[in-house]
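Naming: A, B, ... by sequence-line order, numbering from 1 per chain.
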Number of protein chains: 2
Amino acid sequence: MKIIEIQGENYKDVIDSLLKRGEDDFTEVDQVVYEIISDIKRNGDRALIEYTAKFDKARLEGIKVSENEIAEAIKVVGDEFLKILEEAKENITDYHKKQLQNSWMSNEQEGIILGQVVSPLERVGIYVPGGKAAYPSTVLMNALPAKVAGVSSIAMVTPPNKEGKVNPYILAAAYIADVDEIYKVGGAQSIAALAYGTETIKPVNKIVGPGNIYVARAKRAVFGLVDIDMIAGPSEICIIADENKNPSFIAADLLSQAEHDEMASSILITTSKDLAMKVKEEVKIQTEKAERRKIIMRAISNYGYIFIARNIDEAIDIANEIAPEHLEVMVDNPFELLPKIKNAGAIFLGEYTPEPVGDYFAGPNHTLPTSGTAKFSSPLGTYDFMKKSSFLYYSKEALRNIKDKVISFTEAEGLSAHGNSIKVRF
Amino acid sequence: MKIIEIQGENYKDVIDSLLKRGEDDFTEVDQVVYEIISDIKRNGDRALIEYTAKFDKARLEGIKVSENEIAEAIKVVGDEFLKILEEAKENITDYHKKQLQNSWMSNEQEGIILGQVVSPLERVGIYVPGGKAAYPSTVLMNALPAKVAGVSSIAMVTPPNKEGKVNPYILAAAYIADVDEIYKVGGAQSIAALAYGTETIKPVNKIVGPGNIYVARAKRAVFGLVDIDMIAGPSEICIIADENKNPSFIAADLLSQAEHDEMASSILITTSKDLAMKVKEEVKIQTEKAERRKIIMRAISNYGYIFIARNIDEAIDIANEIAPEHLEVMVDNPFELLPKIKNAGAIFLGEYTPEPVGDYFAGPNHTLPTSGTAKFSSPLGTYDFMKKSSFLYYSKEALRNIKDKVISFTEAEGLSAHGNSIKVRF
């Protein structure tokens, strides 16, 4: 890990290049994606089955996962893990219930009623990656907020392996999360199917979930026809620590993000030069013992930094500038710093809240804004599966009271038919 | 207006083609937009001034609107209209305050604290069109929700006329809404400046506001680096009316949307054949008298429809399918139908709540989802200028209690460094 002592704003260029590490030219990918989308629009299921043969090497009869396949998966996974899934479901559901919003209505002026209806989206699609990145937690974290919001129909898509099967942990998690339909398709073709519909898959209103670059670009391409979640960049962890914190805890947490992929970034910001040196050493030691050390080594050597700040406020300023996906705050009284943290996806307070607790189990969502987008976006939540309509009612008298003001407005804007809709009533 | 009697699903193709009326191939526009963006990134203010000379024919010394220019505009607009702006501001502010959300924190399990911080975006950019579509209401409806959210810095951009001046009504509205900075630049170049920053304009976290196709495509191009609001398609009004409603009210309201532009769509869904005929006739009569009759005639003849439904539930089903930007409900007891309305931007209840009341004055936002996107998106609101961070705290004991379950999860996902971040602590 590179150690940088903060002087003036010498950290800004480093942060800038970190934030840009996911940027690229996607022209060629987009070309492929557009072709796939237009093929699915024209040929529906048939094209889905052909792409699955081509990309996933699986020859499918039908794309829908059967009750039998789910029952089989549940057996493979076993009761013990099912119980853990259930408990995670309970925590995630509890947390996301607190994000529910109510419709409201008010009547502050005579004859005028104003309000807002909050209602769930009708149908949502969830993408779950296959292969090595097939994570049951992805299913829970995307499906459960939609369930809590009251979405009545959830369709999940995920690519099968060569044998035409889906990872049993994925299926078990979908079962626990009460996903309504599961389809064995992946890639840009599955995104097109969710957006436009095929004979088997009914179109959805919103598509969420992580995926490779083809999935991400396909989501961007169908955005507008349907809604999508934020497109995730590579993962990040940032740890703020003052002196006397445990370097081996810190190193372990830095590594837990680094193992995700070679583009992941792990950053420590500390007020203690001594801690900086110890963490650097500890990262080396733990990396050597790590199963995924090749990935970790690449990530850490390219995107691993230790900043030494002159005081804790400067440390927080830097973290706010990074706007990290995950921010651990290891200081003596972390709650005291909470109000100063402006930009972060999820904040882990204290020495015994390592980031992975939030990935699976604690309740908050693990789908978080990356690449500095925490400056303007939020964790995936119940609110992402609900929408609002405003409503208003004026009595004849109430309209009469304000009519001249509204007409003045329409005149200032040169829209006389707007004015006439008032005039015609009196 | 074309009258269609509903039989089976014979309305679906019509709705489908209406929803697609804003779709087009934007390849050429995008090429121009990308060039402008990269020019602004390289050359900053200098490029802004050059594009303003080229596109707006205005030779500017500086791009920032001065205090003097604002003072002059306020004089031109006059006290009476300023007072109307103030009153509109008050109504809009009151409504949007009801959308504020609080941070929360909970402690339901021993040693575990979970919560969510809700905080405003730091800096927001607002685009306001120039020329004939320069509307003071646009300024209020975009700036005031950001103000209510607590955004500390709001920058407005708007193209100047040939003399290098900005419409005085726009400036007066910006003054009333406490916009912090105003710049005389428009088009894709102004969006690039807000996203990337120049010597004079500091970059923002989010860009909102309507604009022409260059502005819309530029917003889409910078989406990800900054957040944007939903990109608006052509305007729509849909009116549900049962028998014995006033055909001249209905016709006037249909025309009030049609005058916006030739792509606007005006739809009546009624259970009364008699009313359908009367409205058709009344639309003809009122169109002939309208100032903007050329625009209205085009819009109505291409995108004006009257659907005759067999009962009120069918009428509502059709409206839900259309998911209109504006929905007027002219029935005897409109509140009774409100829970059945699933998809609409804003809902106007009763015979004395014509849509233009909501455009300016009542309080709800006039920036609404168009082209069927009300199925998954919401009116612009205070929530669009706030973001959330989740936070969590575990005590050592609390972590110990769940550690084995989290480790099982990390093993199921093959992420051992995730597991190690727990193990290292015990």
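Heavy atoms of A:L254 lying under 4.5 Å from chain B are absent altogether. Contacts of A:A346 with chain B are made by both backbone and side-chain atoms, with heavy-atom separations under 4.5 Å. Contact annotation for A:Y169: only side-chain heavy atoms (C-beta onward) come within less than 4.5 Å of a heavy atom of chain B. Contact of A:L140 with chain B is made through the side chain alone, with heavy-atom distances under 4.5 Å. Neither the backbone nor the side chain of A:E397 comes within contact range of chain B; no heavy atom of the residue lies under 4.5 Å from a heavy atom of that chain. Contact of A:N246 with chain B is not made at all, since no heavy-atom distance falls under 4.5 Å. Residue contact with chain B, scored on non-hydrogen atoms closer than 4.5 Å, involves the backbone and the side chain of A:K375 alike. Of the atoms belonging to A:T410, heavy atoms from both backbone and side chain fall under 4.5 Å from chain B. Looking at A:S377, only its backbone comes within 4.5 Å of chain B, counting heavy atoms on both sides. Of the two parts of A:N91, only the side chain, counted from C-beta on, holds a non-hydrogen atom closer than 4.5 Å to a non-hydrogen atom of chain B.
If you tally non-hydrogen atom pairs under 4.5 Å between each of B:P379, B:A258, B:A398 and chain A, the highest count goes to B:P379. Ranking B:L19, B:T373, B:D404, B:I402 against chain A, the residue ahead of the rest is B:I402, based on heavy-atom pairs under 4.5 Å. Among the candidates B:N167, B:V77, B:I113, B:I112, the residue making the largest number of heavy-atom pairs closer than 4.5 Å to chain A is B:I113. Between chain B and the options A:A417, A:G233, A:G224, heavy-atom pairs under 4.5 Å are most frequent for A:A417. Across A:S371, A:G414, A:S378, A:A252, the residue that shares the most heavy-atom pairs under 4.5 angstrom with chain B is A:S378. Most heavy-atom pairs under 4.5 Å with chain A, from the set B:P334, B:P364, B:G372, B:G381: that is B:P364. Note: A:S256 leads A:G345, A:P136, A:A362, A:S256 in heavy-atom pairs under 4.5 Å with chain B. Interface summary for chain A: among B:N365, B:L399, B:L368, the most heavy-atom pairs under 4.5 angstrom belong to B:L399. With chain B as the partner, the residue from A:A88, A:A290, A:S106 showing the most heavy-atom pairs under 4.5 Å is A:S106. Across A:E87, A:M386, A:E355, the residue that shares the most heavy-atom pairs under 4.5 angstrom with chain B is A:E87. Heavy-atom pairs under 4.5 Å with chain A were tallied for B:D359, B:V226, B:N420; the largest tally goes to B:V226.
For the pair A:K388 and B:Y383, the cation-pi criterion (under 6.0 Å, within 45° of the ring axis) is fulfilled.
A:S408 contributes atom OG, which lies 7.0 Å from atom CZ of B:F81 (distance to the nearest 0.5 angstrom). Atoms CD and OG, from A:E413 and B:S137 in turn, are 3.5 Å apart once rounded to the nearest 0.5 Å. The distance from the CZ atom of B:F376 to the CZ atom of A:R123 is 15.0 Å, given to the nearest 0.5 Å. Note that CG of B:L415 is 9.5 Å distant from CD of A:E291, once rounded to the nearest 0.5 Å. The OG atom of A:S395 sits 13.0 Å away from the CD atom of B:E351 when rounded to the nearest 0.5 Å. Separation of atoms OH (A:Y360) and CD1 (B:I407) is listed at 11.0 Å; rounding is to 0.5 Å.
Between A:V406 and B:I84, the closest side-chain pair of non-hydrogen atoms is not below 4.5 Å. Side chains of A:V357 and B:K403 form no contact here, defined as non-hydrogen atoms less than 4.5 Å apart. In this structure, the side chains of A:I422 and B:P354 come closer than 4.5 Å at one or more pairs of heavy atoms. At a threshold of 4.5 Å between non-hydrogen side-chain atoms, the residues B:F409 and A:L85 count as touching.
A:K98 and B:E108 are joined by a salt bridge, as a carboxylate oxygen and a charged side-chain nitrogen come within less than 4.0 angstrom of each other.
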List, one per line, each side-chain donor-acceptor pair under 3.5 Å for residues 114-122 of chain B, sequence neighbours excluded.
unit_1: B:Q116; atom_1: OE1; unit_2: A:Q99; atom_2: NE2; d: 2.6
unit_1: B:S119; atom_1: OG; unit_2: B:K387; atom_2: NZ; d: 3.4

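In this structure, A:F223 has its ring center closer than 6.0 angstrom to the ring center of B:F223. Taking the six-membered ring for Trp and the full ring otherwise, the centers of B:F348 and A:F391 sit at least 6.0 Å from each other.
Classification of the B:H418-A:H260 ring pair by plane angle, with boundaries at 30° and 60°, yields perpendicular. Relative ring orientation between A:Y95 and B:W104 is described as tilted, the plane-to-plane angle lying within the 30° to 60° band.
Put simply, the side chain of B:R425 never gets that close to the backbone of A:T353: no donor and acceptor are under 3.5 Å apart. At distances below 3.5 Å, at least one donor-acceptor pair connects side-chain atoms of A:S389 with backbone N or O atoms of B:A344.
A:E259 and B:S416 get closest at one heavy-atom pair: OE1-N, 3.4 Å. For the pair B:L392 and A:G358, the tightest heavy-atom approach, listed with the atom from each and the gap, is CD1-CA, 4.1 Å.
A search for salt bridge (Lys or Arg N to Asp or Glu O under 4.0 Å) contacts involving A:R220 returns nothing, not counting sequence neighbours.
A 6.0 Å sphere centred on CD of B:E80 holds no more than 12 heavy atoms belonging to other residues, nucleotides or ligands.
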